[in-house]
There are 2 protein chains.
Amino acid sequence: MSDGTVAEVLAAMADPTRRALLDSLAAGGEASATALSTGLPVTRQAVVKHLAVLERAGLVTPRREGREVRYALRPAPLADAASWLGGLAAEWDARTRDGDGVGSAGR
Amino acid sequence: MSDGTVAEVLAAMADPTRRALLDSLAAGGEASATALSTGLPVTRQAVVKHLAVLERAGLVTPRREGREVRYALRPAPLADAASWLGGLAAEWDARTRDGDGVGSAGR
DNA sequence: CATACGTGCAACCATCGAGTTGCAGGTACG
DNA sequence: CGTACCTGCAACTCGATGGTTGCACGTATG
């Protein structure tokens, strides 16, 4: 399951600034914190903190390149979170459809 | 697209207490706020607030039953969020796999 | 009718998260 | 070598959020 809890991924994806950050990375490939901060209405420091959160969630990975640090996207944890959510949704759906109560838990 | 933003769903699912709440509802079907609060280490009021968040996200729906209010699961928004995340993950995967830069996202 | 139970509202507190500013330390380059 | 640029750390502000207590109101029920 790659890295970072599903909960961490969800929390990371819940923030609009963070999503914008990830969008930028998806669109333009690797980028440094300073580069990312231009184009966003926040300070470089704020971006740094967000990147730290994203890294803890495993959604992004840093790579030192001379005097700067480039961050790149890591899709795996996102896919994990997505399938986890999907599984839960399916389970709920099965339960609410009829059995509604106990039932033989899917998992 | 049911109800509640995907972001709201993600934020709602990011909280452990809220997940526990949803688990209880999934396991035992409908339940009132007071019923849910027993079995959790928090006050009824805290549960009420969490239920409000979950309702705003569309994950739960209230139904007045005499003098009490029963909350029931609503799987749809969760499924939406899951497929949204899945789509994003696929897109990232496609981009990081080769094009990495701009590239015509589509296919 | 009186009582008990459940809900709803409001005030309040503590903590967390997002964001800022300021400054010190490396690293590239003329 | 000196300058410019980027990173890293620390202190601080401020609003949102999770949680609590207290109380008033409605609704069953003996």
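In what follows, every chain begins at residue 1, and chains take the letters A, B, ... in the order their sequences are listed. Note that the structure is predicted; figures quoted are calculated from it, not measured.
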Short heteroatom pairs, N/O only, protein and nucleotides 27-30 of chain C, under 3.5 Å:
none

Next item on the list: Mind calculating the distance between CD (E68(A)) and P (dC5(D)) to the nearest angstrom?
Entry: 13 Å
Note to self: Within the 4.0 Å heavy-atom criterion, would you say R18(A) contacts the bases, only the backbone, or no part of the nucleic acid?
What the structure shows: sugar-phosphate
Next item on the list: For residues 16-27 of chain B, pull every pair meeting salt bridge (charged side-chain N to carboxylate O under 4.0 Å, His left out), keeping only residues two or more places apart or in separate chains.
Entry: none
Next item on the list: Starting from P on dA16(D), measure out to CD on E8(B) and report it in whole angstrom.
Entry: 15 Å
Checklist line | Interface residues of residues 44-62 of chain A with DNA chain C (non-hydrogen, below 4.0 angstrom) | finding: Q45(A), A46(A), K49(A), H50(A)
Notebook entry, point to check: Under the salt bridge (Lys or Arg N to Asp or Glu O under 4.0 Å) test, which residues partner R70(A), sequence neighbours left out?
Noted result: E30(A), E68(A)
Checklist line | Rounded distance [0.5 Å steps], OG1 in T96(B) versus CZ in R74(A) | finding: 11.0 Å
Check: How far apart are the C-alpha atoms of L73(A) and R95(B), what are their side-chain angles, what is the distance that settles it, and do they pass the side chain to side chain contact (heavy atoms under 4.5 Å, CB included) test?
Finding: CA-CA 10 Å; L73(A) 235 47; R95(B) 276 200 224 211; over 6 Å; no
Notebook entry, point to check: Rounded to whole angstrom units, what separation is found between the OH atom of Y71(B) and the P atom of dG6(C)?
Noted result: 15 Å
Checklist line | L21(A) CG - dG19(C) P separation (whole Å) | finding: 10 Å
Item checked: For S83(A), all residues meeting side-chain contact (heavy atoms from CB on, under 4.5 Å), sequence neighbours excluded -> none
Notebook entry, point to check: Taking CG from L40(B) and P from dG18(D), how many angstroms apart are they, rounded to a whole number?
Noted result: 14 Å
Checklist line | Partner residues of A89(B) under the side-chain contact (heavy atoms from CB on, under 4.5 Å) criterion, sequence neighbours left out | finding: L78(A), A79(A)
Margin query: Quick check on dT20(C): is either OP1 or OP2 less than 4.0 Å from any side-chain nitrogen or oxygen of T43(A)?
Written below: yes
Next item on the list: State, to 0.1 Å, how close W92(B) and L59(A) come at their nearest heavy-atom pair, and which atoms those are.
Entry: CZ3-CD2, 4.2 Å
Check: With A82(B), which residues qualify under side-chain contact (heavy atoms from CB on, under 4.5 Å), at least two apart?
Finding: L85(A)
Checklist line | Distance below 4.0 Å between T17(A) side-chain N/O and dG19(C) OP1 or OP2 | finding: yes
Quick one: side chains of residues 35-45 of chain A, donor-acceptor pairs under 3.5 Å with protein atoms, not counting sequence neighbours, listed by atom name and distance.
unit_1	atom_1	unit_2	atom_2	d
S37(A)	OG	T34(A)	O	2.6
T38(A)	OG1	A35(A)	O	2.9

